[in-house]
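In what follows, a structure is listed as structure tokens, so that the remarks can point back to it.
Any value given below was found using the heavy atoms of this structure, including those in side chains, with hydrogens, waters and symmetry copies removed.
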Amino acid sequence: MVSIAVNKDSDEQLTAGLRAEDSARLLQALEFVRTPYAGRVVPTGQDALAFSRGVVACLASLKSDVDTRIAGLLFELPFLDEKAATQIDTHFGKEIADMVAGIRQLMRLHETAFGQTDPIKNKSTAAGQIETLRKMTLAMATDMRVVLVRLTSRLTTLRYFADLKIENETSLRYARESFELYAPLANRLGIWQLKWELEDLSFRFVDPAAYKSIAKMLEERRVERENFVGAAITRLKGEMAAGGIRAEVFGRPKHIYSIWSKMQGKSLDFSRLHDVRAFRVVVDDIKTCYAVLGIVHNIWTPIPEEFDDYIARPKSNGYQSLHTVVVADDGRTLEVQIRTQDMHHFAEYGVAAHWRYKEGSGNTPNQKYDEKIAWLRQLLAWKSEMVDVVVGQDDTEKQWVQQIKAATLNDRIYVMTPQARVIELPVGATPIDFAYHLHSDIGHRCRGAKINGVMVPLNTALKNGQTVEVIVAKGEAAATGAAGPSRDWLTDGYTASPRTRSKIRAWFNAVEEAETLAQGRALLEKTLQREGKTSVNLEELAHKLGFEKLDELLLSVGKDRLSLRLVEQALHADDPHRPAPPNPDAAVLPRKSRASSVTQGAKSGVLVLGTEGLMTQMARCCKPAPPDPIVGFITRGKGISIHRASCKNFAQMQSRAPERIIQTAWGDQGSDTVYPVDVFVLASDRQGLLRDISDIFLREKINVIGVSTQSSKGQAHMSFTGEISSTAQLQRALTVIREVNGVLEANRQ
């Protein structure tokens with residue numbers, strides 16, 4: 001097990017890597033906490049000062065800045081004194097005070113939330129909730145250094161339990177939390193030193209039998225293994241020296257949990273693990289890597305299937321190295337890893353180790369989230385690569401601090417239910433979004449909300465870490481379905497989630513459809529009573545009228561899409577004593593025409609042979625209107641019938657009686673004269689379609705005097721007769737109608 005060494009008696013270890021003035025600040029903070037921490041213990045039972053020093057030692061090994069180390073010293077103070085936050089701000093500045101507040105907030109949330117997501121107690125929901133907790137941890141940290149302090153504080157606690165061999169419910173709970181939450185966080189941030197030790201220490205408490213078994217096997221063979229690896233290293237060094245190759249060769253550390261994971265994942269016995277006896281070779285460049293590989297394979301016999309060239313083909317996480325397993329003269333296997341200095345640092349600090357690779361592919365991909373995690377790893381790696389800061393590098397460190405403070409995952413928020421279940425929502429989410437996330441029914445019945453126990457308006461924006469309680473309608477209102485969302489919730493400020501707004505709209509659509517069905521049924525039943533047909537099978541009636549289901553008929557009647565005259569005709573279709581029903585296409589709903597319409601005797605404005613005053617009438621077959629090209633046909637007793645030049649009926653009449661054709665043209669029309677025209681619209685049937693099209697005619701000031709609609713197989717066939725002053729007016733209306741949602745075709749007939 002790799003461990004970050006801690007010498008509790010050495011202040012130099014706490015200040016390692018700091019400038020003189022920063023070291024003085026840290027030591028000042030150390031003196032500041034000596035008195036309040038004296039004789040005090042943290043909740044785990046460890047001495048408060050020893051605990052804080054341990055945290056700072058871990059932070060120093062990660063080459064953290066002085067402010068982070070000071071925050072690591074101070075964050076236990078709020079346990080001891082309510083005025084501690086004010087004291088920290090006064091003595092150390094707002095930035096450190098904010099970091100301490102952030103650390104305390106994360107601690108409280110984790111203590112509250114993790115009890116409900118224990119992987120042993122709640123296996124069915126634990127995985128998703130723990131993943132949400134990990135995201136919440138990163139999203140809530142307005143300064144990413146807060147997460148570093150939280151990780152090192154947990155490692156310090158586990159070391160304390162391990163050193164004193166404390167095995168109880170507390171140590172087990174802390175180990176489970178670390179296994180599920182903190183080790184994966186360290187993995188995601190690429191802090192391998194913390195990740196490995198958190199896993200090994202947690203494994204020690206979660207599965208002590210397996211831990212001790214592997215530790216015992218490692219210890220029993222340690223001397224034999226070390227002698228074998230030492231002899232192999234000596235031999236390889238000699239061969240490389242003879243070839244003029246400069247390299248570092250050292251044994252590779254064994255992590256108990258990683259050994260156990262490999263045994264479980266590959267169903268291998270301990271004796272069959274190749275990497276128990278292993279070492280690494282670190283060289284200057286890639287060319288030398290392959291030269292060393294040739295020497296290794298020349299000394300020992302390679303196992304071909306165990307060779308991996310991650311230099312030529314890096315892993316998806318960016319990891320590069322040569323891996324080979326060879327067989328020594330005595331038959332024992334030996335793993336050798338060969339890499340450059342850059343590759344070694346890249347791997348050891350975990351900057352390239354993509355957390356999805358280590359944790360499996362069960363999580364839903366989130367490119368934006370992954371990119372932010374990668375950026376955080378790069379920032380942490382940049383800091384770890386910096387040598388001891390000297391005069392002239394102040395700007396570099398300040399730049400790093402500013403960037404890591406800004407590198408937060410702030411596109412989502414994380415709040416909790418009263419039962420400490422963590423809920424992930426978009427930024428700007430309100431209690432209404434929260435309610436609909438829990439369940440659509442809870443959202444529909446939401447009537448109020450409490451945040452941290454205080455009543456708030458429903459359009460209040462939620463913040464990270466808040467506990468939200470929804471107050472729902474109960475009793476008779478809920479039982480009868482009277483409780484439901486408000487249309488105001490669809491306005492700005494009440495919801496941030498498109499998913500929420502979609503559910504609200506769906507509710508209103510369902511209510512409107514139910515009302516329309518009820519209205520259609522009432523109208524249909526009244527018609528049946530009036531016609532004396534109350535015993536008619538409604539399903540058969542629907543089929544007779546061209547509908548697949550009864551509900552489709554009721555909706556059409558309720559929306560006034562189907563004339564009840566057609567229902568009457570269908571009811572008596574088999575009655576021999578009733579006249580045959582007219583063509584359904586002619587079933588229009590007449591409206592009163594304007595007095596200035598040519599159909600009501602208004603002046604048509606048509607000139608015949610250059611004269612006015614002759615009796616003319618507009619042909620009903622083509623309904624001409626200015627400025628359509630027109631011609632006249634002399635009728636018997638009814639004057640001159642005016643047709644559009646393109647009229648098919650006129651073409652037939654011209655072929656039969658060409659002598660009765662007369663030339664006509666438009667003259668001066670009255671200022672308010674209108675002409676009837678027919679318009680056909682084909683559209684996908686939906687609620688509100690007729691209303692939308694009628695609104696367009698209204699805006700264009702076209703008086704509709706006739707409407708005929710039929711719906712079949714999801715399509716609406718609609719015919720309108722409107723009064724226009726010119727075809728330009730009609731073309732404007734048709735252009736707009738074609739843009740209506742669902743309209744497939746709109747033309748003048």
Side-chain angles (χ1 to χ4, degrees), residues 2 190 192-193 196 218 221-255 258-259 261-263 265-266 268-354 357-358 381 384-385:
V2 169
W192 287 108
Q193 305 99 310
W196 285 327
L218 286 173
R221 305 182 184 183
R222 181 176 59 84
V223 175
E224 172 269 334
R225 186 174 62 252
E226 289 177 352
N227 290 337
F228 174 81
V229 172
I233 290 175
T234 300
R235 184 177 179 183
L236 179 59
K237 281 183 175 180
E239 293 288 343
M240 289 191 299
I245 296 176
R246 184 180 62 182
E248 296 179 58
V249 186
F250 47 85
R252 189 164 65 82
K254 304 300 179 293
H255 305 290
S258 66
I259 291 175
S261 297
K262 185 171 292 187
M263 291 172 62
K266 295 186 176 183
L268 296 175
D269 184 75
F270 182 82
S271 61
R272 296 177 58 199
L273 291 177
H274 298 310
D275 57 351
V276 174
R277 295 176 294 274
F279 61 79
R280 288 194 180 106
V281 182
V282 180
V283 297
D284 294 330
D285 53 50
I286 294 178
K287 180 179 179 181
T288 309
C289 289
Y290 289 99
V292 172
L293 178 66
I295 294 174
V296 170
H297 285 178
N298 186 55
I299 298 174
W300 300 290
T301 303
I303 301 177
E305 60 269 21
E306 295 294 337
F307 171 69
D308 292 297
D309 186 348
Y310 294 122
I311 294 179
R313 296 181 298 277
K315 290 185 179 181
S316 59
N317 54 30
Y319 173 87
Q320 288 184 293
S321 184
L322 294 176
H323 290 196
T324 185
V325 176
V326 295
V327 181
D329 297 338
D330 58 3
R332 286 180 290 184
T333 57
L334 174 68
E335 184 188 62
V336 182
Q337 296 181 358
I338 309 167
R339 58 180 64 152
T340 66
Q341 289 284 356
D342 289 342
M343 294 175 190
H344 180 63
H345 179 82
F346 205 52
E348 287 302 293
Y349 280 94
V351 179
H354 196 291
Y357 171 78
K358 288 294 183 182
S384 69
E385 291 168 359

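- With sequence neighbours left out, Glu248 forms a side chain to side chain donor-acceptor pair (under 3.5 Å) with Gln341.
- In this structure, the side chains of Phe279 and Val336 come closer than 4.5 Å at one or more pairs of heavy atoms.
- Closest heavy-atom contact between Val327 and Trp300: O-CB, 3.6 Å.
- Using modelled atom types, no side-chain atom of Thr333 and backbone atom of Val326 make a donor-acceptor pair closer than 3.5 Å.
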Report all side-chain donor-acceptor pairs from residues 286-298 shorter than 3.5 Å, counting only partners two or more places apart or in another chain.
{"from": "Thr288", "atom 1": "OG1", "to": "Asp285", "atom 2": "OD1", "distance (Å)": "2.5"}
{"from": "Tyr290", "atom 1": "OH", "to": "Asp309", "atom 2": "OD1", "distance (Å)": "3.1"}
{"from": "Tyr290", "atom 1": "OH", "to": "Asp309", "atom 2": "OD2", "distance (Å)": "2.9"}
{"from": "His297", "atom 1": "NE2", "to": "Thr324", "atom 2": "OG1", "distance (Å)": "2.8"}

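- Using a 4.5 Å heavy-atom cutoff, the side chains of Ile311 and Met343 are in contact.
- The CD atom of Gln320 sits 7.5 Å away from atom OG1 of Thr340, with the distance rounded to the nearest 0.5 Å.
- Residues in residues 227-236 take part in these salt bridge (Lys or Arg N to Asp or Glu O under 4.0 Å) pairs, two or more places apart or across chains: Arg235-Asp329.
- Atoms CG and CD1, from Leu334 and Ile299 in turn, are 10.0 Å apart once rounded to the nearest 0.5 Å.
- The line from CZ of Arg339 to NE2 of His344 is 6.5 Å long, rounded to the nearest 0.5 Å.
- Proximity of a side-chain donor or acceptor of Asp330 to a complementary backbone N or O of Arg332 within less than 3.5 Å is detected.
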